[in-house]
Amino acid sequence: MLTTPQAMAILLIQHLDTVATFDESDRTWRNAAILIRDGRVAWVGPQSELPGHFQDANEVIDGTGLVAIPGLVNTHHHMFQSLTRALPQVQDAELFSWLRGLYPVWTRLSPDMIHCSTQVAMAELLLSGCTTSSDHLYLFPNGIRLDECIEAAREIGMRFVATRGSMSVGVSAGGLPPDDLVEPEDEILADCQRLIARYHDPNHGAMTQIALAPCSPFSVSRDLMRLSAELARRHGVRLHTHLAENDHDLAYSLERFGRTPAQYAEDLGWVGPDVWHAHCVKLDEPGMALFAATGTGVAHCPCSNMRLASGIAPIRRMLDLGVPVGLGVDGSASNDSAQMLGETRQAMLLARMRAALAAPSTGNGATVYACDEAPRAMTARQALRLATRGGAEVLGRGHDLGRIAPGYCADLACFDLRTIAMAGAAVHDPVASLVFCAPANARHTIVNGKVVVRDGRLVTLDCPRLVERHNRFARALVE
């Protein structure tokens, strides 16, 4: 039986004020256009050089007054936590106390709550110009499965790295979580294998991928860490966990294992280009050198690290050594926001503050002022690179995400330069204004060549109804 070929989907965005490609040459075009064909970037460049066949476009978007950048990439999140953000009893707690306060609440999570909270988190990300996100779900009470998160992502239209988290060492065995929130390790590994077989797509342009993510050194055994790494490498999927997040985390590793967090990771096979660790605030110099030598990635979560007073991660030093670094908003109960440009801005500001605090007061017989050198510790474009190309590389997607370049996935965000918040700045440097000015939501967000946010509105779901349902769940969870 003969079938009629489907028409090629072609989208043209033209007359853009600025396009920051973050490609190999880091090109920025003014008065530019982007041609998208079947979910891939087909052409990008000056409007005056637009190829003649653009007349075949199925849809044309007027980019007047807009700046386009690659879709932002979020490398660390706990989307279920949007149900407990701004919870009064943990507003002023550090990491371990914060977790102990929330574990009893999270024991009442349900599959419907996971599906709804995942879509709320993804809606917030898409509206902020984020097109790809990982999520670390490590709690599975009451019949919850990672499948709920994957279905939520497919409905809303987000590119998704779903990490199968786990906790197996409860408080009675010297861990932090309560015993009723941990799982048997054989069941964890069996479910990991099921998810990889059912959902993981290793191909260029994949919309759904699976990673394995035992939660942390204080909630899983060394055996589970080792076996998870072996399973992941047999199936070609990535590995993710929390590491060296704060002083308590560091002390736990030293006291229980006699190893620094980086040494602990190396002992268990948790370094390499297929691994990325969240936070790494307390990663020491040998640890950073190890990560650089092995290509081990870091998800930098500046807002969460400040919210929990964990410290300032040495990101400038990591980058100088060659450690792959991306940005993560972290859970919406430790950041309380999933605004990716806000995270990008904080990454820039924190890097400058760390440089100022670490700078010597004198040198070579002359006074050296930290305020002279510290601003160069992180530029606006460097911060945006972390949020785009950097995140794509950390997730193992540097070959198809993170740039506006021919052959790359058509994931991009357009921001309006004509707002009050951008007045003046957009005239001088449209790209830097995205970081220096108040964090903006996207005018348009495009994922895999499809418009998911149009004129500032999410088009794939009814947001008011979603928020209403989410708030009902949030009340039920704490009541």
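- A side-chain donor-acceptor contact under 3.5 Å links N246 to the backbone of D249.
- Ring-plane geometry between H78 and Y138 is classed as perpendicular, the angle between the planes exceeding 60 degrees on a 0 to 90 degree scale with a lower cut at 30.
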**Request:** Under the salt bridge (charged side-chain N to carboxylate O under 4.0 Å, His left out) rule, what do D274 and R238 come out as? Steps first, then yes or no, please.
**Result:** CA-CA 5 Å; D274 57 349; R238 300 180 72 75; over 6 Å; no

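- Sparse packing is recorded around CE of M353, with 12 or fewer heavy atoms of other residues, nucleotides or ligands lying under 6.0 Å away.
- Partner of L384 under the side chain to side chain contact (heavy atoms under 4.5 Å, CB included) criterion, out of T379, V435, L327: V435 alone.
- Between the side chains of T18 and R30, at least one donor N or O sits under 3.5 Å from an acceptor N or O.
- With R316 contributing its side chain and A377 its backbone, the two residues share a donor-acceptor pair below 3.5 Å.
- Note: H242 and H136 meet the aromatic proximity criterion, with ring centroids under 6.0 Å apart.
- Checked against the 6.0 Å centroid criterion, the rings of H235 and H200 do not qualify as a close aromatic pair.
- Of the possible donor and acceptor atoms, one in the side chain of W98 sits under 3.5 Å from a partner among the backbone N and O of A333.
- With 3.5 Å as the limit, one finds a donor-acceptor pair spanning the side chains of E155 and H115.
- Between H277 and H240, a ring centre-to-centre spacing not shorter than 6.0 Å is recorded.
- Between the H15 side chain and the T64 main chain, no donor and acceptor come within less than 3.5 Å of each other.
- In this structure, R27 forms no cation-pi arrangement with F22, as its terminal cationic atom is not both closer than 6.0 Å to the ring centre and no more than 45° off the ring axis.
- For S128 (side chain) and N441 (main-chain N/O), no donor-acceptor pair under 3.5 Å exists by modelled atom type.
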**Request:** Verify side chain to side chain donor-acceptor pair (under 3.5 Å) between S304 and D330, making sure each step is shown before the conclusion.
**Result:** CA-CA 6 Å; S304 174; D330 203 10; 2.6 Å; yes

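- For D429 (side chain) and A432 (main-chain N/O), a donor-acceptor pair under 3.5 Å exists by modelled atom type.
- Counting only N and O atoms by type, the side chains of N335 and Q81 include no donor and acceptor under 3.5 Å apart.
- Side-chain contact annotation: S134 with H77, donor-acceptor N/O pair under 3.5 Å absent.
- Between H300 and H279, the ring centre distance reaches or exceeds 6.0 Å.
- Using modelled atom types, one side-chain atom of N74 and one backbone atom of V329 make a donor-acceptor pair closer than 3.5 Å.
- A donor-acceptor distance shorter than 3.5 angstrom exists from the side chain of R108 to the backbone of L477, with no hydrogens or angles considered.
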